[in-house]
Amino acid sequence: MGDNKKILIVDDEQDIVETLKFMLEAQGYECFCAYDGESGLNMAKEIMPDLMILDVMMPKINGYKISRLLKYDTKYKDIPIIMVTARSQEDDKIIGQETGVNEYITKPFELDEVINKVKEYLK
Amino acid sequence: MPKILLVSDNEKQNTLITTALSKTPAAVITSVDEDAILNYAEKGLISMIIVDEAVKDPDAIILCKKLQAFNIRENMAIISLIAQDTDNIELLKLTNAYITKPVNEKVLAACINTNLKLKKAIDTLSTNNSELAKSLYQLDVLYNTSTQLAGSLDKQKLINIMIDGLEKSLSFSLSSTLVFNDEHSIDLIINSLYGISPRLEHSLKLRAILSYRALFDKKRIPYDINIKDIKVIKHIKHPLEEYDLNILKFDNLFAPINVGEKFFGLIEVFREADFTQEDTTCFQTLARQVSLPLENASLYEEIKKTNTKLEKLERLKSEFISIVSHELRTPLTAIKNSLEICLSGKAGDVSQIMDKFLNMAKRNVTRLSGIINDLLDLSKVEAGKMDFKFEKANINTPVEFIKNTFENVAKEKNITLTLEKDDNLAQTYYDNQRIEQVMSNLVSNAIKFTNDNGNILIKTEKISVNDIDRTKLTDIENAVFYDNYIKISVKDSGIGIAPDDQKKVFDQFQQIENPLNRKNGGTGLGLPIAKQLIEAHKGFIWVDSELNRGTTFSFVIPVLSEKEKFLIDLDKETVKAKACNQSLLLVLIKETQDNTPSFIEDIKEGKISIIRKTANTKEAYFSENCNNFLAVMIPEADKFAQSFIERKIESTVMSQDNGQTHKIYDILYSSATYPEGGCESKELFEFVENSLNKDVLEDNLAEV
């Protein structure tokens, strides 16, 4: 389980981060958390996570921008990104996918859904 | 009394003539002062001049020539006194008649009388003529003005048209028009030949207020006006000269501008020359004519105001619902996650009773999410923000899918769920996800309201527009009907809906009094959403029901040709573009040879070019007679520019795969920052480049 894979969770909603972290750690993953876009981006470059869970609407840098910046940098472009957001318009999904996001999950989501996706990418 | 001027220095002759003429109705004056004579003639004070050939100072011929210059309209008879054997032909030519000397009293009187009669006849004729011309002119102005008045709903413009008409028909010196915009905004529009002195301006204001008050009984004045509230708007023709208070002594006309009780203002005009009866009639007609369009204009204004307010409220409501729903989702997620953690047992042991209540909490959180989704859907589709993915396919697919999904639920109540589908349905444009949503709503409702052991029949069939019973439809004022439709109906043997409630089922937040409905929960938004979704498909939804016998919900979706579909899309995009003050770009895409075309390469190689930027995109579609179009609009350039490129590649590939000649490409969005006028492909490329994060574009290009 987990094999010490590193997951970075970036969301300005601490409660969401907390619950995700709890469940993912229970699966044996090592979790890192950031609560705004800027520190999220820095942390990603620093720790080179195996997967990222990103919120869209965040202070400083939004999720799309982080995704874009990472996905067009050869060093980081292979990190899978799961985008989590309260927005659910079709457009958002399209933008998400076009900025290189691998998965797109709409709030309110099922924890199991997120965990299954994570497992899929970290197989 | 007609006046005769005698120009002669022969005293004896003068006495003779004066005596002779005392028997005619004319008065005689004599003069040999050239200036005085010409002055009389210029002012038209005399009817006849008798010039003695013998007069040397002034010279008779020169004098007659000068007189003729004032006599263009022949309203003055010039008669010469000549010697019997005269050879003064020139003088004879210059005069209307002659009398030979020595003067014979009788001949003289006869000649004068004849000429006086002639003169009178000419006068009458010319007066009639000029009056006729004036009346004709006034009529023409009236006609033109009333035509113009009918064509406007702008208050300011209407008043200006009226003043303009009055100026043309009356050539007034000054007009002063008081116009009420509202209680504290009153304009005094002064149109004047010359400038206005400050004290004249002040007294015109006072005069307008007094005239206004005089129109009403003291108690009945609609609202009292203060001189400070009056804003003066002046239109001066010759500002170098100035009118002062003396203009108030000119002849004037006055009229209120009103329709019944409704009062718009008043107008007063001044003119140096007196107004005739015809002028008065013309003035009053114009003042009356303007009031009706003014009333229309003010009604129109009111409607417009209310409408804007309503639109704003509607938008606020949608935005409010949308924001609230978004804001609710995050805390809901946190609650749901926490519950799941507890239920998973990972946070410690869960007793049976704890499990029961945690599950209850979870169930209700899920229900709450459903309600929020409904609200969000409704606000989105109402605000036109819902994005539809219309694809051409067979509608049996989603219908069958829903039937299979609900089979087990139906079985639980021992309800027979049957699908009777037409296998030869034409393909039509629909959004699979949305049709599934509508079907799921209809079928779950049917199951909900059908008692155990009942049956539900789902049916698909093709129908023509004439098979639709329009009396069952609601909100079809602006609906467009197409020739052919596909009809999907869900018929249950349930409890039915009372006739009064049948029209209400599609109204928002209308929960029909029904214990079952309450018991089963729900927001009552399912059917309103279904209606909006179907209408977005250019279709209709309706209900047939009989209490205790069952209910049939039916909807139809038009079978559209590609051209019709394209026009619908263009209309939609045009509306969207207008809403954000943008124009629609039409991009022509030429066929590409290889199977992996890239948008950027297409631009570079000139395979994609903008054919025109036009409001009338339909026209472009037909006139260019071209296979492939892309309407491009990018409201949020940075965010969308990328998707723009990638979606383009996708759709190009797609279109080549199915090898259709008239494939209409994806409809995207355009930018307000787009350069004005037409564009070459180079400019489009620059535009895309500028809209994107530059680094990203370079990466993109490198990859390509």
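So you know, we letter chains A, B, ... as the sequences are listed, proteins then strands, and number each from 1.
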* To do: Take B/K346 and A/E25 through the test side chain to side chain contact (heavy atoms under 4.5 Å, CB included) and record every step on the way to the result.
  => CA-CA 11 Å; B/K346 294 199 171 76; A/E25 279 178 350; over 6 Å; no
* To do: Go through the atoms of B/S344 and report whether side chain, backbone, both or neither lie under 4.5 Å from a heavy atom of chain A.
  => side chain
* Determine whether more than 12 heavy atoms belonging to other residues, nucleotides or ligands lie under 6.0 Å from atom CD of A/E18. => no
* Structure fact -> What one should report as the nearest heavy-atom pair of A/T106 and B/R329 is CG2-NH1, 3.4 Å
* Examine whether an atom of A/E110 lies under 4.5 Å from a heavy atom of chain B, and if so say whether it belongs to the side chain, the backbone or both; otherwise answer neither. => both
* To do: Using a cut-off of 6.0 Å, state whether more than 12 heavy atoms not belonging to A/K6 lie near its atom NZ.
  => yes
* A/T19 pairs by side-chain contact (heavy atoms from CB on, under 4.5 Å) with which of B/I341, B/L339, B/T333, B/I335? -> B/I341
* Asked: Heavy-atom distance under 4.5 Å between the side chains of B/N337 and A/F109, does that happen here?
  -> yes
